[in-house]
Amino acid sequence: MTARVLIVDDLLPNIKLLEARLSAEYFDVVAATNGPEALELCRDGRCDIVLLDVMMPGMDGFEVCTRLKSDPATLHLPVVMVTALDQPADRVRGLECGADDFLTKPVDEMALIARVRSLTRLKIMLDELRARANTSANLGLSSREPNDGERGRILLVEDRPGSSDRIVAALRDYHDIEIESYPQEALFRAAENNYELVIVSLNLMDFDALRLCSQLRSLERTRSIPILLLADLEDRQRVLRGLDLGVNDYIMRPIDRNELVARVRTQLRRKRYTDSLRDNVQAAIELAVVDALTGLNNRRFLETHLANALDQAAHKGQPLSLMILDIDHFKSVNDTYGHDAGDEVLKTFAQRIKRVLRGADLVCRLGGEEFVVVMPDTSLGVAERIAERVRAAVEGDKFPIDPKATRTIPITTSIGLAERGADANADALLRRADKALYASKSSGRNRVTAAAA
């Protein structure tokens, strides 16, 4: 895994030292000697992670970090502040500016590489999500704005009552925090509940806390939950190992309350930003395969699903039937009552036919007033009985033509059926069902016609 690392420092020897260490690990390195230059490089997209010196003339590191995190074009960039300052108040100030971590001078090489690798993984994931979310935005989908990271739901895994009491006291005014002293139970709780952060003590009795972190990362339902480690100074090697396993952040004991609050807020803010990107990607996927009006799958989804379903049916030697439905005289509904009324009819039609079909049947809107139902493991004779049930359900009750159902009209449907032939060809099956549908309409509509085998 490689990345472009921007080193920002006004002293050339410091830049050369960090550059040598990072280049030896095959990272690409670019450098800036002042804040404005660094901001320009970041806005141009010329780096993946920023190592930012705090003490610089003119614009210091705190201001540079604040500007990066307030700009939508650069807020996703991981920032590690490199500083000689080692007081908790300085770390809190940096975290409040948006920094992801701190490295204290002289920089420890192992800590540097571990943190850069960890944040590079985060950046790669965010870049992929942001690219897909940008596609969603181009489709007209809006994303939530990053929030302030307040009022999160947190699980604390700690088996020492004194330590857990102090953590809860520090966070309970800002977040909803629950305690679990048994690591295996913590894993189940994290998988079953909607936690936004898991805080894990590295010094659990009779259990390796890093194993719990690994298990959290291996489960699909907990993979994206941020993990914050509580560690002692002598736990340095295990902290670095935790970062390699996917731990997001850590804090050293004795724990400064303000630093803990700031690090928790940072993790919550980042998770919610990532979640908003994922939501947008999921919405884009649904937009591509779901009909927005009826909520049914659309023609694009049908084409892929039907081909796969036919292949499976042919492989297993099972029947498969296809139903095409057309709303009778739908054009006159639009012409007489308006397109809003037509939309109400389409939505009700979709709901009504889904209600009487089986769970295994796939309903899609083919386009306009035409719908298709794919019925796996269903012979033509069974399909005829199902189609007749659908036809009767449509005819049975009048359809509302306004949202409040103050006006209703009668609606019927014509249906064509076909069963999978020896060729198992999707186009051929659709053509035969469509021919049967045409026969239903030609024979007076509101009826079911099955194509000859």
Side-chain angles (χ1 to χ4, degrees), residues 135 139 282-328 330-331 345-347 349-391 393-394 412-443 445-453:
T135 300
L139 293 172
Q282 183 60 37
I285 294 171
E286 292 179 359
L287 185 66
V289 298
V290 174
D291 174 59
L293 178 65
T294 62
L296 302 177
N297 288 111
N298 60 17
R299 185 177 195 132
R300 179 182 298 175
F301 184 86
L302 172 69
E303 290 170 352
T304 301
H305 177 85
L306 180 57
N308 292 336
L310 283 169
D311 287 344
Q312 290 182 19
H315 179 71
K316 296 178 180 179
Q318 295 176 336
L320 180 145
S321 293
L322 186 103
M323 180 193 311
I324 296 185
L325 308 90
D326 185 280
I327 299 176
D328 295 330
F330 183 72
K331 184 178 182 300
V345 169
L346 289 169
K347 289 189 285 187
F349 185 85
Q351 295 165 3
R352 196 170 293 185
I353 63 175
K354 278 192 70 175
R355 196 160 54 235
V356 297
L357 287 168
R358 305 166 303 175
D361 300 329
L362 173 73
V363 192
C364 298
R365 184 183 177 194
L366 193 61
E369 68 271 25
E370 280 195 327
F371 296 76
V372 172
V373 181
V374 180
M375 296 174 285
D377 198 15
T378 304
S379 65
L380 194 61
V382 174
E384 285 187 83
R385 293 198 294 273
I386 296 171
E388 181 56 37
R389 189 169 67 213
V390 170
R391 186 206 62 77
V394 171
T412 60
T413 182
S414 299
I415 300 175
L417 293 171
E419 186 177 358
R420 176 182 72 87
D423 55 3
N425 183 282
D427 290 337
L429 182 62
L430 282 164
R431 282 196 298 271
R432 289 196 292 117
D434 193 56
K435 187 175 181 180
L437 170 64
Y438 181 78
S440 288
K441 295 169 74 172
S442 299
S443 301
R445 294 184 170 83
N446 190 25
R447 63 191 62 213
V448 176
T449 302

Qualifying residue, where the test is side chain to side chain contact (heavy atoms under 4.5 Å, CB included) with L417 and the options are T378, L380, L322: L380
L306, L362, L296 screened by side chain to side chain contact (heavy atoms under 4.5 Å, CB included) with F301, the one that passes: L362
Side chain to side chain donor-acceptor pair (under 3.5 Å) partners of K331, counting only residues at least two apart: D335
Side chain to side chain donor-acceptor pair (under 3.5 Å) against S321, all qualifying residues, sequence neighbours excluded: none
With [X], which residues qualify under salt bridge (charged side-chain N to carboxylate O under 4.0 Å, His left out), at least two apart?
X    : value
R299 : E303
K441 : D326
R352 : none
D434 : none

Within the side chain of [X], is there an N or O that forms a donor-acceptor pair under 3.5 Å with the backbone of [Y]?
X    : Y    : result
R355 : I353 : no
D328 : N446 : yes
R432 : E419 : yes
R389 : V356 : yes
T449 : G416 : no
D361 : R358 : yes
R420 : Q318 : yes

Heavy-atom neighbours of R300 CZ exceed 12 at 6.0 Å: no
Within 6.0 Å of OH in Y438, more than 12 heavy atoms from elsewhere: no
Contact check, side chains of L346 and I327, non-hydrogen atoms, under 4.5 Å: yes
E388 and R385 ion-paired at < 4.0 Å: no
